Q: 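Here's a structure for you.
Being a predicted model, the structure only gives us computed values, none of them experimental. Quick note on labels: first sequence line is chain A, next is B, and so on, each numbered from 1.
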Amino acid sequence: METISIVDSKKYVDKKVKIGVWLTNKRSSGKIAFLQLRDGTAYFQGVVVKSDVSEETFALAKEVKQEESMYVIGTIHEDARSHFGYEIEIEDIEPVGASKDYPISPKDHGTDFLMDHRHLWLRSKRQFAIIKIRSELIRATYAFFHKEGFVKFDAPILTGSAPEGTTELFHTEYFDKDAYLSQSGQLYEEAGAMAYGKVFSFGPTFRAEKSKTRRHLIEFWMIEPEMAFTHQEESLEIQEKYIAYLVQSVLDNCQYELKLLGRDPKVLQRYTKLPYPRISYDEAIELLQKSGDFPDVKWGKDFGSPEETYLAEHFNKPVFVLNYPKAIKPFYMKPHPTRKDVVICADLLAPEGYGEIIGGSERATDVAYLEKQIEKAGLDKADYQWYLDLRRYGSVPHSGFGLGLERAVTWITGEEHIREAIPFPRLLNRIYP
RNA sequence: UGCUCAGUAGUUCAGUGGUAGAAUAAUUGACUGUUAAUCAAGAGGUCGUAGGUUCGAAUCCUACCUGAGCAGCCA
């Protein structure tokens, strides 16, 4: 008799097996008991028939509590009455760990209560599906960049200076010096690109912003590729290829999870078709003005989330918005060759109201220009000498972008709020558990 | 940080000045295919905290605490 995982049930039809499980719910009558089981790979049902088992086993089946752990021993059957398609007819139960008064019942709960019990909430079906899809996106990210010839190049998490000003950085100490938690690895990725051509980082990012919206986390994971000898247009091609690859991977490997979430695969299918539309910032402003719904939209202003939602809905698939005003973008973006007021950059807006999931640009290569921009931004030139060296010693055209993992997870799973897209979200006023 | 809303049983909520309620979970019992099972029973409360108004406050007032939604900022 083999010990197996629930997800592998179909390979063991009519075989006797043993599975380590937790009880999620139970229904019983005088002569039959239905145990809802999970083992971290899937959810299915065990059936205990009184006339087929010992008195002790049936008594155990009636006694087990929610989230009690045990081994069940029995025979796998294919059964159309089961949502999973298979179930186990239990012959014997070996209790492992008791459970009493499990706080999360099968009924409704509020967000605050669930977040206070996040360590247990993660066991429930929706959370299982979301975290599994997150894991698939991580797997697919490594697979994609490996396939495309990128080197994984880790940026430091402790930094001595602030790429975009210190107000939104977490301050800490580095022995007797000030230090900050990384809010972006991008500048370091540029050094990596000059050393190894195509690189990407994938790590945690910290923003001490007092943001309190459905699309912000204080701590989140970001993927930041950077490519030497690459102009913006080629970067956009990599970006859309990457996004389509992520969506396709979920379609290929997470059908069960999508079903648990009630996420329609047909909708996702649409996002695998390339290319994604590209419109300029100028055109986006015009579109918004023509719609009549945004009287406050003016050239020079950044888009708020209602504007982003409108634009993405308009195209019904992810859309690139190109070349934003220089004044609202960071210092390192390459100025437009014929226009002084915009930079070579693009945001990718996800459809269905999920907003910006990628921000990227071609990087400025001119030392004098960068020095001026650093000064204008009120940053200390001394902190950026190493960065300017990248331009002093064999500078090349290069481009890169950043993808917020949790935003991608939220969009692909169709979740309402970003807080469920990471196991333990760090939110304004929440650092427990 | 601003605006709006909310804190009552383990949980989700009703109760808007006069004895603290429902559903559900948990507990006990019945039931041979249940899918949020069903049926029955008993049990479960410092009404967010502090102060005030009143004969009387869960209810009205003030302050504070906590959370949610939206906005700004961004990925």
Q: Categorize A:Lys26 for me: base, sugar-phosphate, or nothing, with a 4.0 angstrom heavy-atom threshold over every strand shown.
A: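 Nothing: the residue A:Lys26, judged by heavy atoms under 4.0 Å, touches no strand.
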Q: Please determine whether side-chain contact (heavy atoms from CB on, under 4.5 Å) holds for the pair A:Leu122 and A:Phe424, giving the CA-CA distance in whole Å, both sets of side-chain angles, and the decisive distance to 0.1 Å.
A: CA-CA 9 Å; A:Leu122 289 164; A:Phe424 294 96; 3.7 Å; yes
Q: Using 30° and 60° as the class boundaries, would you call the ring planes of A:Tyr384 and A:Tyr387 parallel, tilted or perpendicular?
A: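 A:Tyr384 vs A:Tyr387 ring planes: perpendicular.
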Q: Which is true for A:Gly355 with a 4.0 Å heavy-atom rule: it touches a base, it touches only sugar-phosphate, or it touches nothing?
A: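 A:Gly355: no heavy atom of the nucleic acid under 4.0 Å.
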Q: Without decimals, in angstroms, what is the distance between A:Ile32 CD1 and B:rU38 C1'?
A: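 Computing the A:Ile32:CD1 to B:rU38:C1' distance gives 15 Å.
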Q: Taking the six-membered ring for Trp, are A:Phe303 and A:Tyr324 parallel (under 30°), tilted (30 to 60°) or perpendicular (over 60°)?
A: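 Correct class here is perpendicular.
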Q: CZ of A:Arg407 versus P of B:rA75: gap in Å, rounded?
A: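 About 8 Å, once rounded to whole Å.
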Q: Considering only heavy atoms, which members of residues 419-433 of chain A lie under 4.0 Å from some atom of RNA chain B?
A: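 Only A:Arg419, A:Asn429 qualify.
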Q: Among A:Glu415, A:Glu257, A:Glu420, which one satisfies salt bridge (charged side-chain N to carboxylate O under 4.0 Å, His left out) with A:Arg126?
A: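 Passing option: A:Glu415.
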Q: Rounded to the nearest Å, what distance is computed from the CD atom of residue A:Gln239 to the C1' atom of nucleotide B:rA75?
A: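 These atoms are roughly 12 Å apart.
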Q: Does a side-chain N or O from A:Lys65 land closer than 4.0 Å to OP1 or OP2 of B:rU27, or not?
A: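 Checking A:Lys65 against B:rU27: at least one side-chain N or O falls below 4.0 Å of OP1 or OP2.
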Q: Counting just side-chain N and O atoms, does A:Ser305 come under 4.0 Å of either OP1 or OP2 of B:rA71?
A: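 Answer yes for this pair, as a side-chain N or O of A:Ser305 is under 4.0 Å from OP1 or OP2.
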Q: Would you measure the distance from the P atom in B:rA14 across to the matching atom in B:rG56 and give it in whole Å?
A: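 So the two P atoms sit 29 Å from each other.
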Q: Just to be sure I understand the rule, does A:Ile357 reach a base, reach only the sugar-phosphate, or reach nothing, if contact means heavy atoms closer than 4.0 Å?
A: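 Contact class for A:Ile357: sugar-phosphate only.
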Q: Measure across A:Ser184 and A:Thr205 and return the closest heavy-atom pair with its distance rounded to 0.1 Å.
A: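 Between these two residues, the closest heavy atoms are N-CG2, 4.1 Å.
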Q: Under 3.5 Å, is there any donor-acceptor pair linking the side chain of A:Gln45 to the base of B:rU34?
A: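 Donor-acceptor pair under 3.5 Å: yes.
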Q: NA contact type, A:Asp347, heavy-atom cut-off 4.0 Å: base, sugar-phosphate, or nothing?
A: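 No contact at all - A:Asp347 keeps every heavy atom at 4.0 Å or more from the nucleic acid.
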Q: Would you mind classifying the nucleic acid contact of A:His117 as base, sugar-phosphate or nothing, using non-hydrogen atoms under 4.0 angstrom?
A: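 Since no nucleic acid heavy atom lies under 4.0 Å of A:His117, the category is nothing.
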Q: Would you mind classifying the nucleic acid contact of A:Gly30 as base, sugar-phosphate or nothing, using non-hydrogen atoms under 4.0 angstrom?
A: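 A:Gly30: base contact, heavy atoms under 4.0 Å.
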Q: Which part of the nucleic acid does A:His109 contact within heavy-atom distance under 4.0 Å: base, sugar-phosphate only, or nothing?
A: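 Sugar-phosphate contact only - A:His109 comes under 4.0 Å of backbone atoms but never of a base.
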Q: To the nearest Å, give me how far apart NZ (A:Lys329) and C1' (B:rC74) are.
A: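 About 9 Å, once rounded to whole Å.
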Q: Regarding A:Phe113, tell me which of base, sugar-phosphate or nothing describes its non-hydrogen contacts under 4.0 Å with the strands shown.
A: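 If one applies the 4.0 Å heavy-atom cut-off, A:Phe113 turns out to touch the sugar-phosphate alone, with no base involved.
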Q: Measure from NZ or CZ of A:Lys125 to the centre of the six-membered ring of A:Tyr43 and say whether it is under 6.0 Å with the direction within 45° of the ring axis.
A: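 The answer is yes; both the distance and angle limits are met.
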Q: Where each residue is assigned the nucleotide of RNA chain B containing its nearest heavy atom, which of A:His216 and A:Glu89 is assigned the position nearer the 5′ end?
A: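 First, find each residue's nearest nucleotide; the 5'-ward one identifies A:Glu89.
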Q: Determine the interplanar angle of the A:Phe128 and A:Tyr256 rings, folded into 0 to 90°, and report it as parallel if under 30°, tilted if 30 to 60°, perpendicular if over 60°.
A: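 It falls in the perpendicular class, over 60°.
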Q: Tell me whether the OP1 or OP2 atom of B:rA37 has a side-chain N or O from A:Asn25 closer than 4.0 Å.
A: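 Checking B:rA37 against A:Asn25, a side-chain N or O does come within under 4.0 Å of OP1 or OP2.
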Q: So which nucleotide from B:rG69, B:rG67, B:rA25 ends up closest to the side chain of A:Lys212?
A: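 Looking only at side-chain atoms, A:Lys212 lies closest to B:rG69.
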Q: Would you mind classifying the nucleic acid contact of A:Gln66 as base, sugar-phosphate or nothing, using non-hydrogen atoms under 4.0 angstrom?
A: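 Since no nucleic acid heavy atom lies under 4.0 Å of A:Gln66, the category is nothing.
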Q: Show the nearest heavy-atom pair for residues A:Pro425 and A:Leu217, with the distance to one decimal.
A: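 Minimum heavy-atom contact is CB-CD2, 3.9 Å.
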Q: Using a 4.0 Å heavy-atom cut-off across all strands, classify A:Leu217 as base, sugar-phosphate, or nothing.
A: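 Answer is base: heavy atoms of A:Leu217 come under 4.0 Å of a base.
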Q: So what does A:Glu87 hit on the nucleic acid, given a heavy-atom distance under 4.0 Å: a base, only sugar-phosphate, or nothing?
A: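 Here A:Glu87 touches the bases of the nucleic acid.
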Q: Is any N or O donor-acceptor pair between the side chain of A:Arg207 and the base of B:rA75 shorter than 3.5 Å?
A: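 Checked by distance alone, the answer is yes.
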Q: Are B:rA75 and A:Phe220 stacked, with the base six-membered ring and the side-chain ring centres under 5.5 Å apart and planes under 30°?
A: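 Yes, A:Phe220 stacks on the base of B:rA75.
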